[in-house]
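Here's the structure, in structure tokens; my notes come after.
FYI, side chains are in, hydrogens and waters are out, and symmetry mates aren't considered; it's all heavy atoms of this structure. Counting convention: from 1, in listed order, for ligands and their atoms alike.
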Amino acid sequence: MFPPFTLRYARFPDRLRAPARPAPVERPELVAFNRPLAESLGFDLDAFDPERAAELLSGNALPEGAEPVALAYAGHQFGNFVPQLGDGRAVLLGEVTDRAGRVRDLQLKGSGRTPFSRGGDGRAPLGPVLREYLVSEAMHALGVPTTRALAAVTTGETVYRHVPEPGAVLTRVAASHLRVGTFQYFAARDDQEAVRLLADEAIERHYPHLADRDEGERYLGLLEATVERQAELVARWMGVGFIHGVMNTDNAAISGETIDYGPCAFMDAYDPRTVFSSIDERGRYAFVNQPPIAQWNLARFAETLLALIDEDRERAIERATAVLKAFEDRFEASRMRVMRAKLGLVTEEEGDAALVEDWLAAMQAARADFTLSFRHLADALEGPEGEARLAAELFGDREAPEAWLSRWRERLSREDADAAELARRLRGVNPAVIPRNHRVAEAIAAAENDDFGPFEALLAAITRPFEAPTGEVDYTRPPQDDERVLRTFCGT
Ligand code: AMP
Ligand code: MG
């Protein structure tokens with residue numbers, strides 16, 4: 001069933017990883033399987049057998065050629081350095097080469113204790129597994145770089161958190177699991193050989209165009225490329241109202257993919273100060289803080305590369321600092337590209353930034369829904385009815401957005417497109433469906449009672465986010481007061 005493994009990390013020196021066999025589970029049952037992703041990875045699905053798949057994707061049986069390892073990493077958690085974290089409840093089965101020729105990691109998450117488990121049980125409850133499945137697949141459908149979900153298997157076992165919960169294992173697919181924290185682990189031990197090995201691996205897998213540069217330029221280039229990808233990533237998060245929730249350095253991928261979906265959520269009403277995570281008491285990872293935090297994480301990455309960038313530490317710091325500083329401009333450029341597109345603008349004008357900020361300010365003042373405020377712009381273009389709907393539904397009896405809308409229309413008149421074309425553009429970038437927190441919570445609650453119907457229906461809707469859904473449940477609708485989820489638990 002599995003494509004052949006190439007085994008890169010398993011061949012790294014011992015101190016970079018620890019062998020870790022998944023611990024068998026009682027009654028594995030396949031509850032979700034991502035067929036299109038499996039096909040793109042080169043899985044052989046001709047004789048697909050869900051029972052055999054459940055054995056393999058729970059870790060009860062090992063696919064041929066897999067050599068499971070737990071990866072060593074450190075990380076700053078909420079700003080405090082923890083020199084040893086590592087995969088405490090996940091194992092990398094190995095790497096495969098997908099149909100497009102790209103190397104991809106296959107990881108089981110929730111597969112039992114490893115040498116990095118510390119006090120943890122190595123297991124994952126069903127809720128967080130389904131949340132990661134839904135949100136990562138939604139992000140992919142929205143065009144945001146992300147790890148993917150290949151499968152979810154229930155274990156037939158109970159895990160104990162605040163309350164007993166059903167256990168599950170997620171199969172995650174990633175461009176790699178190299179994190180800022182992976183580099184920090186070895187830099188903190190002054191293990192330059194390992195840092196260099198990791199940097200070379202990152203370049204080979206994510207930034208191969210750097211490979212033939214001179215040494216110092218190559219590693220400065222790695223920092224620069226990572227800065228660029230992270231700036232782009234966070235700009236895209238902010239274009240869909242996504243809040244990661246735990247932007248610790250161990251959750252920052254060098255590939256620029258979104259990784260480690262914990263207490264993450266999409267905003268409903270627009271408020272840049274929004275925080276969902278139950279463990280983020282001071283709002284360190286609030287929506288609006290995501291760009292400076294990404295830059296802070298990149299500074300921690302830069303520190304690990306200094307010796308590779310230049311033998312002269314002062315010069316290395318100077319060069320790395322200049323690259324880090326460029327994050328701000330890169331982020332702003334990416335964000336403006338994202339936001340212009342959300343307003344249907346292809347051309348660039350001086351006043352566009354003010355147009356964007358004023359729309360956001362109007363949304364914030366009215367606590368208008370982030371997703372629908374953009375989605376309904378297409379309706380507003382199509383006639384007064386659409387405009388009235390936007391004003392009434394989203395802005396209520398608060399200050400109506402008429403003045404802004406007429407400014408926007410005036411700006412659109414200088415785009416080389418008619419109203420129908422503009423509406424199509426807008427509907428192609430502004431989603432109708434996001435995995436709203438109350439829907440995710442509802443799907444999880446039903447699944448915990450063995451009803452996977454809501455999970456499947458929600459998954460179907462969020463994987464076609466730009467289409468208005470037609471099913472029974474209105475997945476476009478924001479939560480009513482009694483449906484609102486105020487805190488999202490990490491639940492690891
Ligand atoms: P996370 O909050 O998922 O980014 O995880 C932070 C660290 O805690 C990582 O080193 C995880 O492997 C570890 N961890 C989280 N949950 C568990 C668990 N149930 N058992 C063992 N380690 C865990
Ligand atoms: Mg993590």
Side-chain angles (χ1 to χ4, degrees), residues 9 16-18 20-23 25 58-59 68-92 105 107-133 135-136 146-147 149 155 157-172 174 176-186 188 243-255 257-265 276-281 284-285 293-294 297 300-301 487-492:
Y9 227 99
L16 277 87
R17 83 287 181 286
R21 273 197 84 95
V25 305
S58 63
V69 288
L71 279 45
Y73 57 83
H76 275 88
Q77 299 191 309
F78 292 90
N80 304 308
F81 187 61
V82 183
Q84 175 160 331
L85 292 165
D87 288 333
R89 51 161 170 168
V91 293
L92 176 67
D105 279 9
Q107 190 205 54
L108 301 182
K109 189 170 171 183
S111 53
R113 289 179 52 78
T114 77
F116 301 108
S117 295
R118 296 170 291 164
D121 61 1
R123 291 301 186 189
L126 179 60
V129 164
L130 295 184
R131 176 180 294 277
E132 174 156 351
Y133 199 113
V135 181
S136 65
T146 178
T147 61
T155 60
E157 296 175 2
T158 302
V159 295
Y160 296 90
R161 295 296 181 262
H162 305 286
V163 288
E165 296 183 50
V169 177
L170 178 82
T171 307
R172 176 159 75 181
S176 84
H177 283 85
L178 298 171
R179 308 154 186 266
V180 169
T182 319
F183 287 78
Q184 288 182 294
Y185 180 97
F186 296 98
I243 302 167
H244 182 284
V246 208
M247 290 178 70
N248 293 336
T249 57
D250 53 304
N251 296 338
I254 306 302
S255 66
E257 287 183 339
T258 314
I259 193 167
D260 274 7
Y261 292 86
C264 58
F276 283 103
S277 169
S278 61
I279 53 173
D280 190 2
E281 280 157 14
R284 178 179 169 92
Y285 301 138
I293 288 289
N297 289 345
R300 307 288 78 75
F301 181 43
R487 281 280 171 270
T488 306
F489 288 94
C490 200
T492 49

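Across every non-hydrogen atom of Pro164 and Thr158, the tightest pair is CB-CG2, 3.6 Å. Minimum heavy-atom separation, Met247 to Ala294: CE-N, 3.7 Å. The nearest pair of heavy atoms linking Val129 to Ala124 is CG2-CB, 3.8 Å. The minimum heavy-atom distance between Ala252 and Asn297, with the atom names listed, is CB-ND2, 4.3 Å.
For Tyr73, there are no ring pair (Phe, Tyr, Trp, His ring centres under 6.0 Å) partners at least two apart in sequence or on another chain. Every residue two or more places apart in sequence or in another chain that forms a side-chain hydrogen bond (donor to acceptor under 3.5 Å, both in side chains) with Arg172 is listed here: Gln107, Glu132, His177, Asp260. Scanning for side chain to side chain contact (heavy atoms under 4.5 Å, CB included) contacts around Gln84 gives Phe116, Tyr185, Arg189, with sequence neighbours left out.
Within the protein, the N, O or S atoms sitting under 2.8 Å from the Mg ion (ligand 2) are Asn251 OD1, Asp260 OD2.
Ring geometry, Phe81 versus His76: the interplanar angle falls from 30° to 60°, so the pair is classed tilted.
Of the possible polar contacts, none joining the Arg21 side chain to the Thr114 backbone as a donor-acceptor pair under 3.5 Å is found. Side chain of Arg123 to backbone of Gly110: a donor-acceptor contact under 3.5 angstrom is found. The main-chain N or O of Leu71 is found under 3.5 Å from a side-chain atom of Asp87 such that the two form a donor-acceptor pair.
Contacts between Asp250 and ligand 1 below 4.0 angstrom, taking non-hydrogen atoms only, involve the side chain exclusively. By the criterion of a heavy-atom distance under 4.0 Å, the side chain of Arg161, and not its backbone, is placed next to ligand 1.
Atoms of ligand 1 lying under 4.0 Å from at least one heavy atom of Gly120, given by number and element, are 20 (N), 21 (C). The ligand atoms of ligand 1 that sit less than 4.0 angstrom from a heavy atom of Asn251 are 4 (O). Each of the following atoms of ligand 1 lies closer than 4.0 Å to a heavy atom of Asp260: 4 (O).
The heavy atom nearest to atom 10 (O) of ligand 1, considering only Gly75, Ala70, Gly86, is found in Gly86. With atom 1 (P) of ligand 1 as the reference point, the heavy atom nearest to it among Arg118, Arg89, Arg123, Gln77 is part of Arg89.
At least one heavy atom of Gly122 sits closer than 4.0 Å to an atom of ligand 1. Within the structure, ligand 1 lacks Phe116 among the residues with a heavy atom less than 4.0 angstrom away. Residue Asp121 places a heavy atom under 4.0 Å from ligand 1.
For ligand 1, the polar-atom distance check against Leu85 finds no nitrogen or oxygen pair separated by under 3.5 Å.
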